[in-house]
Every structure is written in structure tokens, then in C-alpha cells.
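Below is one structure; the comments refer to it alone.
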Amino acid sequence: MSDPSFSPRRAVTAPDKPALEGLEQKWSAAWDAGGVYRFDRARDRAAVYSIDTPPPTVSGSLHVGHVFSYTHTDAIARFQRMRGREVFYPMGWDDNGLPTERRVQNYYGVRCDPSLPYDPSFTPPDPSTRAGQGKKPPAVPVSRPNFIELCARLTQEDEHVFEDLWRRLGLSVDWSLTYATIGRTAQNVSQAAFLRMLARGEAYQIEAPTLWDVDFRTAVAQAELEDRERPGAYHRIKFDQAGTPGAWLEIDTTRPELIPACVALVAHPDDERYRHLFDTDVLTPLFGARVPLKAHRLADPEKGTGVAMICTFGDVTDVVWWRELQLPARAIILPNGTFRAVAWGSDGFETVDVPRAQAAYDQLAGLSSEKARARIVDLLRDSGDMLGEPRPVMHAVKFFEKGDRPLEILTSRQWFVRTMDHREALIARGTELAWHPPHMRARFENWVNGLNGDWCISRQRFFGVAFPVWYPVRDDGSLDYGRPLVPDESRLPVDPSTDVPDGYRPEQRGEPGGFAGDPDVMDTWATSSLSPQITAGWLDDPDLFARVFPMDLRPQAHDIIRTWLFSTVLRSHLEHGALPWANAAISGWVLDPDRKKMSKSKGNVVTPMALLDEHGSDGVRYWAASGRPGVDTAFDAGQMKVGRRLSIKLLNAAKFALGGSLQAGPVTEPLDRAFLTSLAHLVRECTADFEAYDYARALQRTETAFWQFCDDYLELIKSRRYGDRGEASAASATTAMLVALSTFLRLFAPVLPFVTEEVWSWWQEGSIHRSRWPEPADLEEAAGGGADVAPLAHASEILGEIRRWKSLNKVSISTPVNVTLSFAGGVYDALPVFELDLRAAGRIQDLRRVEGGDGVIVELVS
RNA sequence: GGGCGGUUAGCUCAGUUGGUAGAGCACCGGCUUUACACGCCGGCUGUCACAGGUUCGAGCCCUGUACCGCCCACCA
């Protein structure tokens with residue numbers, strides 16, 4: 001026989017009362033000790049299957065959705081490993097960026113104050129004494145290096161918790177291949193890739209209007225935006241026409257507080273109401289600033305009065321108008337979201353009544369947008385410049401996805417990566433990539449086509465990868481941004497706030513003729529977009545890189561196609577001129593019973609560890625693997641119970657198959673041959689399913705077939721197997737049963753790693769997870785050549801009729817009966833093949849047949 | 001407003017060249033059957049969202065509509 005695992009490789013050790021309890025601990029320890037999932041880097045690229053594992057955010061908590069999607073990836077990994085591929089399956093931790101900063105602030109009760117010096121003896125407040133005190137004490141200010149130390153400390157603790165869960169769930173990752181997005185390798189790769197983009201002109205720095213979060217005080221990218229419905233109000237405002245007393249224009253605005261930042265009004269070029277006034281001036285209310293009425297196609301005559309106010313900057317359309325109409329800027333909002341102090345009349349803008357403007361503005365200075373709005377409404381009401389009362393409206397407002405207040409648009413100096421130039425090429429990359437399921441590609445294309453600017457990658461934060469750049473300080477103390485000083489790649493990673501550029505001395509920091517470090521850090525996606533390069537040893541391990549890159553699989557959820565998937569494709573395209581992986585497997589979300597996404601805020605999150613305790617890892621994995629690729633799936637504890645029962649069934653069926661005499665012999669009985677032939681078909685189909693990334697379909701097929709194996713086939717051969725019809729026919733049954741057990745175990749192994757390993761260990765050497773995936777040819781060979789599978793179906797059908805009769809007549813299944821068959825020819829032709837097995841399984845005393853008709857007549861033995 | 005997905009049994013979902021509607025769960029009834037009562041056998045359950053069209057034949061193909069979900073855009 002070609003497949004050695006068809007027969008016992010060791011003394012059989014099935015326990016009397018097999019159980020699932022404790023299998024997770026037992027086998028995860030054994031796998032670790034045996035290095036079952038250790039990557040063998042001696043294998044060449046064609047033999048390797050490499051996975052670009054998503055690094056979960058360690059500052060959050062793992063939830064059911066993680067368990068769901070990581071199980072899918074693990075099932076694929078295990079399948080590929082059994083197919084003979086050497087699986088490169090690392091695990092990463094996303095500990096970089098804002099979520100970690102926020103968690104550290106809350107956990108330790110600190111806030112980062114970059115102006116403070118490092119305190120080597122600093123110890124953070126004990127979190128346990130902070131909990132449950134009711135009122136929170138004020139946050140303790142700490143230096144940036146101290147703050148980063150705390151980030152590193154807390155994320156390490158979090159990572160251990162995560163790793164424990166993953167091991168318990170049975171992920172077959174190689175735990176020697178972990179990475180962290182703030183780790184040294186990630187910093188090295190991020191900085192080197194940045195310097196190379198800079199050298200190629202793909203990264204550039206510019207002072208320009210940027211989306212800005214006033215709480216985090218940082219720039220954010222388009223990909224990090226989300227809309228939220230917020231109450232607002234339209235305010236109808238009068239703008240007097242300069243030089244035409246008593247004439248005015250009216251505008252509607254939801255942001256009247258930006259009137260002091262108004263630099264023009266705008267209407268559509270074809271709007272007959274305003275055509276004659278284009279390029280004449282109006283005066284802003286309260287402030288009397290002289291601003292022009294301009295024409296622009298983006299002004300919508302249908303909206304409001306048809307005239308809009310252009311401010312610095314109310315929304316992204318303001319930016320377009322400002323740029324295309326070449327208007328001046330009049331920035332009034334500070335990075336912290338408050339109105340800055342402005343000396344009217346001294347800023348180059350013409351104002352008719354400076355003292356009045358100053359008096360009005362002084363009431364706004366220092367306020368937030370929200371408070372300034374309330375205040376200016378009072379002023380406008382008093383001055384008569386607001387017509388009627390504000391009209392409330394619900395409208396979508398742009399927020400940073402992690403932020404609490406609406407975004408502002410501020411002018412600041414930021415680093416960008418060119419994306420707009422590469423849109424067509426990226427769309428083409430998208431078509432090269434094999435998407436599972438295929439329709440997810442549309443989301444990628446949608447996003448690329450909707451991009452409206454280059455990718456802003458700099459953040460004014462602390463816990464992230466620094467830009468490896470310094471700037472010369474001019475004699476007047478200003479920075480020469482046009483001539484950045486960059487380190488040699490061999491120096492990376494560098495921290496420009498402590499390291500010194502080549503050719504300078506530390507004491508020249510900040511001095512005229514000296515240098516200053518770039519204070520910003522990279523956006524977290526600027527690092528995680530390099531996850532394939534980070535794990536594959538791009539810079540420091542070319543041998544490994546050649547064996548695993550480009551990778552085979554990127555698994556991820558659909559909500560981060562616009563961020564992680566997009567940016568990874570972009571970086572690989574720019575750096576390697578190739579896709580970073582061949583396949584993208586996109587998982588869906590886990591929905592709660594109300595069909596909403598599971599989320600913490602809704603209080604419907606079940607902790608994963610509790611689920612694993614209750615249902616067993618295999619039970620939970622079964623539920624996860626029954627969710628089809630890319631399909632949002634309802635959380636269903638019932639499915640986990642089903643998975644648990646299936647696992648128990650496997651234990652018991654194996655105990656039966658391995659119990660009693662294991663006197664093997666050639667498979668000669670036609671029913672046995674038919675069953676093994678049907679198994680060959682099953683294996684063929686499951687293999688194709690897994691190769692198409694459809695673990696769910698493979699599982700479903702295997703489960704159905706396994707159930708038929710237990711309930712029909714085993715029942716049919718039971719008596720023969722006990723030796724009732726002699727040794728040779730018993731040996732045929734025994735062999736077929738062992739072949740089937742070996743096959744089912746391996747088909748289930750990717751989804752149910754613990755119970756299959758347990759059963760495997762009863763009679764096989766080595767781990768099932770390093771065993772060979774079953775081959776249809778081996779099964780056909782074991783069957784003595786492909787056999788007709790029809791007799792199996794006939795026998796099951798007739799047995800079912802007998803069971804139905806016994807059930808309806810409420811007699812025991814072991815009650816002896818007489819049976820009369822009336823079938824067409826085909827069944828009778830096959831009857832000799834299974835008659836004896838059928839008689840035994842149905843407890844048939846007298847079996848008659850009549851011609852014609854279609855059915856089974858059952859009678860009690862009189 | 002644009003795009004994508006969905007709508008099948010009380011619930012969760014299969015249904016892949018168009019050929020008599022399926023599974024599990026739940027519910028009800030029965031059965032100690034030398035693997036398993038953490039089991040087994042059986043029963044009940046459907047205008048396949050709606051309206052047209054193509055076809056001998058449509059859950060499946062085409063057109064349109066409704067509703068649900070997601071992504072994006074708009075945000076005066």
C-alpha cells in the first residue's frame with residue numbers, strides 16, 4: 001500500500017473513555033517541544049508556502065472576530081503543510097502608534113510632554129492602586145523617552161496574553177518568527193524603505209493643508225477618515241457688497257465661526273443670479289474684511305443660496321477652491337483646535353474698521369470651534385447679520401476614525417508618498433492578485449479610483465518609527481527643509497532626536513549652522529505596509545528573502561483593504577516592482593445575533609478564552625471554519641456545540657475502528673471497495689476546495705461523509721467486522737475502516753487539530769500535522785482499483801427504510817424483521833454485493849424480492 | 001449619488017455547467033443498538049424577497065423593483 005498511515009504504526013493505545021478535556025494543553029506543549037511548526041529554511045521557494053500574517057493591535061483585546069479569521073488562515077496553513085509545502089507562518093504584534101499611546105495614558109495615568117527631560121529613575125503609578133478609586137487623579141506628565149518605555153513595557157505584557165490565546169486556539173505559527181511593528185527590524189525596514197523612496201522621489205515633504213485631529217494634534221490620512229452623523233445648523237448670513245450701500249449677498253453656512261477665516265465667496269460660473277457680480281468685493285460681517293466673489297464649477301447653485309463662503313479651511317472643497325482660485329490663506333485655528341490670537345489690520349488683509357473687527361475677534365480667540373460657533377452666533381444676531389434663526393440639520397462630518405472631535409484642515413509640513421501617479425499601475429496590480437472571494441477586488445479598485453491626494457505618512461506623535469532625517473539650521477535659526485540630512489542605511493535605525501547626523505557634533509543640535517531632527521513619527525500603516533519585508537528578512541537576510549518573497553498569502557478582513565492591503569501593494573510596487581503576495585484571502589466579520597458587527601461599545605463581546613474553555617478549541621474552530629471566505633457570519637454558540645460533538649464522535653468512532661482484532665487483509669468485499677472509492681472522490685473534492693481557499697466547503701463535505709461513514713457504513717459492516725462471516729471478510733472490513741479513519745482524520749486535521757492529533761497518536765507515529773495529505777490514488781489502490789459506488793447508496797437506502805419502519809412502529813432497532821423488496825432491475829443487480837451486510841445490519845430474517853414496483857415492505861417476524 | 005454583497009424551513013446557512021427544494025440547530029416522537037445517551041432512529045417545517053423575460057424546464061441566466069448590510073463620495 002502506498003500510504004503507510006493506512007495501517008497502525010505502533011501499538012494501539014485508544015483509551016476506554018476518550019475525552020476532549022485537556023487536549024489543548026497536552027498537544028500545544030507537544031507541538032512546541034517537537035518543533036512541529038518550525039519553518040525549515042533549507043527549502044527553496046517553490047516548496048515554501050509563506051503567509052503575511054496580520055499583526056493584531058496589542059493595545060486592544062482579541063475578540064471573537066480575531067479567532068474567526070485567524071482560524072481560517074490556520075486551516076489553510078495546515079492544509080498547505082500537509083500538502084508538502086514548508087509553511088512560513090510568522091506572528092506579528094502591532095504595538096506601534098496611537099492606540100498604544102492611548103492605552104498607556106489610560107493604564108498608567110500619564111501623558112507625554114516632549115519638553116521634559118528623560119528621568120531614568122521614573123516609575124509609573126501602580127495601575128492597580130488607580131483602579132476603583134472613583135475620581136481619576138490628573139495625568140502625570142512624563143518625558144517622551146519615559147513614555148516610550150512605558151509603551152514598550154505594556155505592549156510586552158499584552159503580547160504574552162495574545163500568544164497564550166493563539167496557542168490555545170491551536171494556530172500553527174512558528175513562534176520563533178514573531179515581529180513587532182515597533183521592533184528594531186520594523187524600524188530598520190521602515191526607515192530604509194523611506195530613505196529609498198526619498199532617493200527615488202517617491203516620498204516628499206510639503207507644507208500644505210492637511211486633515212488634522214485637534215485632540216491627538218496630528219495629521220491623519222484619507223484612509224483613516226470616517227463619516228459620523230452629527231447635528232448641525234444652517235446659518236443664513238449677510239455679506240454687504242463693497243461700494244453698494246444697502247446691497248448684500250446671502251450665504252448659508254454650518255460653520256459661521258469661520259467667517260474671520262473667510263477669503264472669498266464663490267458661485268457657479270453659469271449662475272445668472274450672481275454672474276454680474278463676479279470679481280466684485282463683499283465685506284465679511286462683523287470683521288469687515290474685503291473679499292471677492294469668485295466663480296467656480298464646484299459651486300452648486302442648488303445648495304443654499306448658491307453662494308458659498310471659502311474659508312481657511314472649512315472642508316476639503318475649500319482647499320480645492322483656495323488652490324485653484326489662487327486665494328490667500330487666513331489660518332485662525334491652532335493645532336490644538338482653538339482660535340489663535342490675530343492682530344487685525346497687520347496681517348495683509350484689507351479691513352474697513354480694524355477696531356471693530358478686533359473687538360469681535362477677541363471674543364473668539366482662545367475658544368474651540370464649537371464654543372466659537374456659539375459665541376459668533378450671538379454676535380451675528382446682535383449685529384443683524386444673521387437672517388432668521390439657525391435651522392437644525394443632521395449632516396455627516398469627517399472624523400479621524402480614532403478621534404472624538406471633527407477634523408480640522410490645517411496647514412502644516414508633512415511627509416507624503418506619491419500615490420496619485422501610480423493609480424493605474426495599482427489597479428493593474430489588483431487584477432494580478434488572486435482575491436478570495438473574487439468580488440473583494442472591487443473594493444480595492446473603488447478605493448484607488450477614489451483617492452484624492454497623496455498618502456500623508458507623518459504623524460505628530462511619539463510612539464512610532466521616527467523619520468531618519470535631520471535639517472540644517474540656518475544662521476537665522478530657521479530650518480532648511482529643502483536639504484534634509486540623511487544617514488547611511490548601515491546606521492539604521494536612528495532616532496534623530498538623540499542621534500546626530502554625519503559630520504555634526506551633538507552640541508550643534510538646534511544651533512545656527514547645526515542641525516535639528518525631524519520630530520515626527522511615521523503613520524502606523526507606513527510600517528505595517530512593509531510586513532512582508534519585515535518578516536522575510538528583506539534587508540538583513542537575503543537568503544530567507546529569496547525563499548519566501550513574494551509571499552503566497554495575505555489574509556485579512558475586508559475593512560482594511562483601503563489601508564493595509566492597499567498600502568502593502570503600493571510599497572511592494574514601488575520597492576520591488578511586484579505584488580507582495582499571490583493571494584489575498586479576505587475574511588468577513590462576526591456579527592452578533594442582531595446582525596450588527598460585534599463590538600466592545602455594544603457590550604456584546606464574548607471573551608475568546610471563555611469560549612475556548614466552554615466549547616473546546618476544536619469546537620470554536622469548527623464554528624469559525626464553517627463561515628465561508630469573505631462572508632460576515634453570525635456568532636453561533638450552537639455551531640460550536642456541533643463542532644464539539646463532532647470531535648467527540650471522532651474519538652468514539654476511532655475507538656471502535658481501533659478496537660478489537662486488527663487483523664488486516666486485502667479489501668475484497670465490494671461494499672468496502674465502494675466506500676473507499678467514494679472516499680477517493682471526497683478527497684479529490686476537498687483538495688480542490690482547499691486549493692481554492694474554501695476551507696468551509698471542504699469541512700462541510702468531510703463532515704457529511706463522516707456522518708454517513710458512522711451511521712450507515714459502520715453499521716453495515718459491523719457484524720462482518722466482528723468475524724460473523726469469516727476472517728477474510730472481517731479483514732477486508734478492518735482494513736477499509738482503518739483506511740477511512742486515517743483519511744478522515746487528515747481531512748479534518750486543518751480544522752480540528754487537537755482531536756485529530758489525539759486520535760492519530762493512538763496508532764500512528766509523528767504528528768498528523770506533518771503527515772501527508774491523503775491522495776485519491778492511494779485510496780483507489782487500497783480499494784483494489786476503482787469500484788462501483790452505487791451498491792453503497794442502495795444498501796443505505798434500504799437500511800433507512802427498515803429503520804423508518806421500526807421507528808414508526810416504535811420497536812427496537814434490534815427487532816428481527818422480514819423484508820420484501822420491490823425494485824427495478826439496477827438494485828437487484830447490486831443486491832448480491834451487499835445482501836449479507838444488509839441482512840445483518842437490518843436484523844433481517846427473511847429477505848424476499850418481487851418484480852416491479854418501488855419500495856420496501858417490512859413485517860415483524862411472526 | 002456611485003460600487004459591492006445579500007434576501008431559500010422558526011434560527012444559522014448550503015444549493016458551482018438550468019433538470020423532482022437540502023443540512024444542522026430548534027421542536028415533536030421513538031429506541032439500552034457488544035464505539036459513542038456527549039448516543040442512535042424517525043417525524044414536522046418552504047409563494048426559494050417581488051415583478052417581468054429567456055427556456056420544454058429557473059432558487060440558479062437576463063431586466064427592473066423593494067428591503068438589509070458594507071465600502072466610497074457629497075457635506076455651503
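Lettering of chains follows the sequences in order, A, B, ..., and the numbering in each one begins at 1. Just the heavy atoms: all of them, side chains too, but no hydrogens, waters or symmetry mates, feed the values below.
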Quiz prompt | Proximity to the side chain of A:Y234 - top-ranked nucleotide from B:G24, B:A76, B:C74 | solution = B:A76
Practice problem: Counting heavy atoms from C-beta on, name the nucleotide in B:U12, B:A73, B:C41 closest to the side chain of A:Q222. | Solution: B:A73
Practice problem: List the protein contact pattern of nucleotides 3-9 of chain B with one symbol per nucleotide (5' to 3'): B for base contact, S for sugar-phosphate-only contact, - for none; contact means a heavy-atom distance under 4.0 Å. | Solution: SSS----
Quiz item: Which nucleotide in the set B:U33, B:C75, B:U12 lies at the smallest distance from any side-chain heavy atom of A:R843?
Solution: B:U33
Quiz prompt | A:E685 CD - B:A14 P separation (whole Å) | solution = 18 Å
Exercise. Check if the side chain of A:D227 and the base of B:C74 share a donor-acceptor pair of N or O atoms closer than 3.5 Å.
Key: yes
Quiz item: Taking the six-membered ring for Trp, are A:F444 and A:F566 parallel (under 30°), tilted (30 to 60°) or perpendicular (over 60°)?
Solution: tilted
Practice problem: Write down the partner of B:G57 under the Watson-Crick or G-U wobble criteria, each distance required to be under 3.5 Å. | Solution: none
Practice problem: Run the ring-centre check on A:F68 versus A:F635 and record whether the distance is less than 6.0 Å. | Solution: no
Quiz item: Picking from B:U33, B:A76, B:C41, which would you name as closest to the side chain of A:S807?
Solution: B:C41
Practice problem: Looking at every strand, decide which applies to A:N809 at a 4.0 Å heavy-atom threshold: base, sugar-phosphate, or nothing. | Solution: nothing
Quiz prompt | Aromatic ring proximity, centroids under 6.0 angstrom, A:F744 and A:F709 | solution = yes
Quiz item: Between A:W623 and A:H615, is the gap from one ring center to the other below 6.0 Å?
Solution: no
Self-check item: Closest listed nucleotide, where the reference is the side chain of A:S812 and the choices are B:A76, B:C36, B:C31
Solution: B:C31
Exercise. Specify whether A:W321 and A:H296 have parallel, tilted or perpendicular ring planes, treating 30° as the upper limit for parallel and 60° as the lower limit for perpendicular.
Key: perpendicular
Practice problem: Please tell me which of the listed nucleotides, B:C40, B:G29, B:U33, lies nearest to the side chain of A:K810? | Solution: B:G29
Exercise. Can you figure out which of B:G39, B:A76, B:A14 approaches the side chain of A:A308 most closely?
Key: B:A76
Practice problem: Kindly indicate whether the side chain of A:Y622, heavy atoms from C-beta on, has any atom under 4.5 Å from the side chain of A:R644. | Solution: no
Quiz item: Taking C-beta and beyond as the side chain, do A:L426 and A:V569 meet within less than 4.5 Å on heavy atoms?
Solution: yes
Exercise. Just call it for A:K718: base, sugar-phosphate, or nothing, with non-hydrogen atoms closer than 4.0 Å on any strand.
Key: base
Exercise. Consider the side chain of A:V642, meaning its heavy atoms from C-beta on, and name the nucleotide among B:C36, B:C25, B:A14 that approaches it most closely.
Key: B:C25
Practice problem: Would you mind telling me which residue lines up with the more 5' stretch of RNA chain B, A:K398 or A:K649, judged by nearest nucleotide? | Solution: A:K649
Quiz item: Which of the following nucleotides, B:U32, B:C40, B:C72, is nearest to the side chain of A:R562?
Solution: B:C72
Quiz prompt | Whichever of A:N452 and A:A19 has its nearest RNA chain B nucleotide further upstream toward 5' | solution = A:A19
Quiz item: According to the Watson-Crick and G-U wobble definitions, with both distances under 3.5 Å, which nucleotide is paired to B:C70?
Solution: B:G3
